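To start, the structure under review is shown below, and the notes come after it.
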Protein chains: 2
Amino acid sequence: MKVNIYDVAKAANVSIATVSKVINNTGRIGDKTRKKVNDVIKELDYKPNLMASALMGKKTCTIGFILPDLANPFFSELARYVEDMASSFNYNVVICSTDYITEKEEMYVSLLLQKNVDGFILASGFESFEAIEKIQAMNIPIVLVARNAPGKQLNLVSINDYDAGFRATSYLIERGHQQIAIIARNIWSNRERYRGYADAMRKNGLVPMDEYYYAKESTIQDGFKSLQQIMKVSSIKPTAFFACNDLMATGAIKACKKLNLNVPEDISIIGFDNSIFAQIVEPALTTVEQPQREIATEAVQLLMNAINGDNAHQTITLKTKIIERETVKNLIL
Amino acid sequence: MKVNIYDVAKAANVSIATVSKVINNTGRIGDKTRKKVNDVIKELDYKPNLMASALMGKKTCTIGFILPDLANPFFSELARYVEDMASSFNYNVVICSTDYITEKEEMYVSLLLQKNVDGFILASGFESFEAIEKIQAMNIPIVLVARNAPGKQLNLVSINDYDAGFRATSYLIERGHQQIAIIARNIWSNRERYRGYADAMRKNGLVPMDEYYYAKESTIQDGFKSLQQIMKVSSIKPTAFFACNDLMATGAIKACKKLNLNVPEDISIIGFDNSIFAQIVEPALTTVEQPQREIATEAVQLLMNAINGDNAHQTITLKTKIIERETVKNLIL
DNA sequence: CTGAAAGCGCTAACAG
DNA sequence: CTGTTAGCGCTTTCAG
């Protein structure tokens, strides 16, 4: 039923070695032989079994992409671009959602390692190094996305979260806001953005909200709860919120509606990611853009280089940009 | 570096056959031997190479999930559930976006076939059977999602699109709307919804918009353009729109804003999918819910059954439900 | 230029 | 109960 290399060899009156050589364009093969073999291959519609060649040390042309949650548009868009780019190299990507659970990441990594994937893109944002070390122990290339790994020699592609947080906050301050709250989650990228936020506040003689993270997850729900929570506990009410992703910003906007606060008249909000949500919500969200396509492109490119033997470790930092829409009010007039 | 079955055998003073048996729980193995081997496995952190066992005819524990566009929230949510469910069977899923291009589907299918995936879930919604036939020729299980394949013996899971279209339209009619337009795309599911729409109209003595599809793609953009287009060309302006997915509905709402039409005061809109967008847009979208989680769950379950030798072909039709929110006005008071 | 043969890591008869 | 052995389908020296 399934035709293999022997069938081709037989039909072409050559040895399997010859067939293998014409398939892989290795060794020297006479023109007539090559043509003959190719004809037979076409005729029998022969497709080499990639598992078998993988067993012989060839690539599996598959990469693992590990992320927290595919339902988060930031990640699904990222995944889309990763997949696109990978496919341009004839690679497939198996996507794994960890659901923010470390054990799942390790489980997926183990499984994919057993399946001999050629490389990993890790966007799960975990603090633990278990998975990374497991992969490195097998000498498999990794690139980390939106995360750092101090003290590790790795490929990284990310934005400068500190800087982005600083600029988002400054943007608000420049527009006259003084009471600025932050909705963040306790993960590395958000902590960096918090640092940027706090420094921007202090630099302008303002006092940052203390290092208290209200959001458990980066969801609409948690953004919704966080804003209400902050409004409730603050003695001096914030006039602006910096939400560390668009989902939470969306939730924050919803919360404002519930509290009968108008955005941006009463409360200004700036988000993060510039995912599709930013254009959908009402009012349209002013937000910090992450160049997802570039992130994905660079990540895959780096991974491919590594897979093809490039042992250098690169860190690529991409630019962010504030996309002005309708959720920030200028208090200075 | 990488430990294999021989290393384990040697360290445990047994043959590789014995190791294989304890791993796979086949044959009879003495308790002490089993323990010994298991200890060594743990100690050496041995993980069987799944490619090798796949070569021997075992499963790869990988399925291919082919969809049009991972950036469409309906599909990313679906993918999320598929992945979740698959992972509960210890399966990985490689996700492929066809971008609505038939050739890409075939290309992906070929590639994954060469990689010996155990099964496919096809949600790409194509009309062509090439890919399906290719897969069937290899005797690999498939389940089709959100699509039909008349005359084919296949596993199917979908909703009743005709019925859903009929009910969505009736919902509008019951609320007094008479000029109802539809925004659809020329794919099977949308045509079915159109049929339902048209029948509901006629049944109530109304005249359906003619079978003219304005949307090239199921995107926000195309929904935006379609509504404007329809408003421009209609002699009697519609009071309600039935958009065949939430993305297009979102675009339609945006278009209304641009045309200075209020939703739902001037124009009512009903969407389809009940993706996350429906809750985000303003006003919140009344829409027909597709039970994505169930679709995914059933699809994976069916596929697993098939992979495990169940040769029956099942068709599962899931229920839809109209989720009432704020975009439909009741004209009858 | 082409083929024979070894072997990748594993499973599955079949002996013992 | 355990080991030997023959492959799965392919790549890759190494002879010829």
Side-chain angles (χ1 to χ4, degrees), chain A residues 1-38 40-41 44-62 110-118 138-140, chain B residues 1-38 40-41 44-62 110-111 113-118 138-139:
Chain A
M1 185 190 62
K2 172 90 173 122
V3 25
N4 65 20
I5 199 169
Y6 285 94
D7 301 326
V8 177
K10 197 175 301 170
N13 267 311
V14 295
S15 73
I16 57 165
T18 305
V19 177
S20 177
K21 277 168 200 151
V22 350
I23 292 169
N24 299 294
N25 261 308
T26 54
R28 343 213 132 276
I29 300 288
D31 276 351
K32 343 128 194 259
T33 315
R34 159 170 291 114
K35 183 175 177 348
K36 175 78 185 152
V37 171
N38 276 324
V40 172
I41 287 179
L44 300 185
D45 192 31
Y46 167 64
K47 296 270 165 42
N49 180 331
L50 295 183
M51 317 235 87
S53 33
L55 235 203
M56 288 301 299
K58 295 230 140 182
K59 317 241 103 53
T60 52
C61 292
T62 303
S110 279
L111 195 51
L112 294 185
L113 244 18
Q114 288 191 61
K115 292 185 180 173
N116 291 17
V117 297
D118 296 335
M138 304 290 274
N139 240 305
I140 306 292
Chain B
M1 185 189 65
K2 171 91 173 121
V3 26
N4 66 17
I5 199 169
Y6 285 93
D7 301 326
V8 176
K10 196 174 302 167
N13 266 310
V14 294
S15 74
I16 58 163
T18 304
V19 177
S20 178
K21 278 169 199 150
V22 348
I23 293 169
N24 298 295
N25 260 309
T26 54
R28 341 212 135 278
I29 299 288
D31 277 352
K32 342 123 194 265
T33 316
R34 160 169 291 115
K35 184 175 178 349
K36 176 78 186 154
V37 171
N38 275 325
V40 171
I41 287 179
L44 299 185
D45 192 33
Y46 167 63
K47 298 272 165 41
N49 181 331
L50 295 182
M51 316 236 87
S53 34
L55 235 202
M56 289 300 299
K58 296 234 139 179
K59 317 240 105 49
T60 52
C61 291
T62 304
S110 279
L111 195 50
L113 244 18
Q114 289 190 61
K115 292 185 181 175
N116 291 16
V117 297
D118 296 334
M138 304 291 275
N139 241 304

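These values consider heavy atoms only, across backbone and side chains, with no hydrogens, waters or symmetry-generated copies. Every chain is numbered from 1 and lettered A, B, ... according to where its sequence line falls, protein lines coming before strand lines. The model shown is predicted, which means the values in this text are computed figures rather than measured ones.
- At a threshold of 4.0 angstrom between heavy atoms, the contacts of B:G30 are confined to the sugar-phosphate backbone, with no base atom among them.
- Shown here is B:K10, whose NZ atom has no more than 12 heavy atoms of other residues, nucleotides or ligands within 6.0 Å.
- Interatomic distance, OG of A:S15 versus NZ of A:K21, reported as 6.5 Å (0.5 Å rounding).
- Here the shortest heavy-atom pairing between A:Y46 and A:V3 reads CD1-O, 3.4 Å.
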Practice prompt. List the steps and the verdict of side chain to side chain contact (heavy atoms under 4.5 Å, CB included) for B:I23 and B:I41.
Written response: CA-CA 9 Å; B:I23 293 169; B:I41 287 179; 4.0 Å; yes

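- Taking atom NZ of A:K47 as the reference point, atom P of D:dC10 lies 13 Å away to the nearest angstrom.
- Residue pairs meeting the salt bridge (charged side-chain N to carboxylate O under 4.0 Å, His left out) criterion with at least one member in residues 47-60 of chain B, sequence neighbours excluded, are B:D45-B:K47.
- Among the atoms of the strands shown, none is found under 4.0 Å from any heavy atom of B:V19.
- Nearest heavy-atom pair, A:M51 versus B:T60, reported as atom, atom and distance to 0.1 Å: SD-CG2, 3.6 Å.
- In plain terms, the two heavy atoms of B:Y6 and B:I16 that are nearest each other are CD2-CG2, 3.5 Å.
- For B:N24, the side chain to side chain donor-acceptor pair (under 3.5 Å) criterion is met by B:S20, not counting sequence neighbours.
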Worksheet entry | side chain to side chain contact (heavy atoms under 4.5 Å, CB included) evaluation trace for A:N49 with A:N4 | CA-CA 8 Å; A:N49 180 331; A:N4 65 20; over 6 Å; no

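- Of all the heavy atoms in A:A52 and B:L55, the pair that sits closest is CB-CD2, 4.1 Å.
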Taking only nitrogen or oxygen atoms into account, show me every contact under 3.5 Å that the protein makes with nucleotides 4-9 of chain D, one pair per line with its distance.
residue	atom	partner	partner atom	Å
D:dG9	N2	A:A52	O	3.4

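- The side-chain hydrogen bond (donor to acceptor under 3.5 Å, both in side chains) contacts involving residues 29-38 of chain A comprise A:K35-A:D39, where partners must be two or more places apart or lie in separate chains.
- Atom C1' of nucleotide D:dC10 and atom NZ of A:K10 are separated by 16 Å, given to the nearest angstrom.
- Nucleotides of DNA chain C with any atom under 4.0 Å from a heavy atom of chain A span, from 5' to 3', C:dC1 to C:dG9.
- Using five terminal pairs a side, the axes of the helix from C:dC1-D:dG16 to C:dG16-D:dC1 at its two ends make an angle of 40°, given in steps of 10 degrees.
- Listed pair B:T33 / D:dT2 meets the phosphate criterion, a side-chain N or O lying under 4.0 Å from OP1 or OP2.
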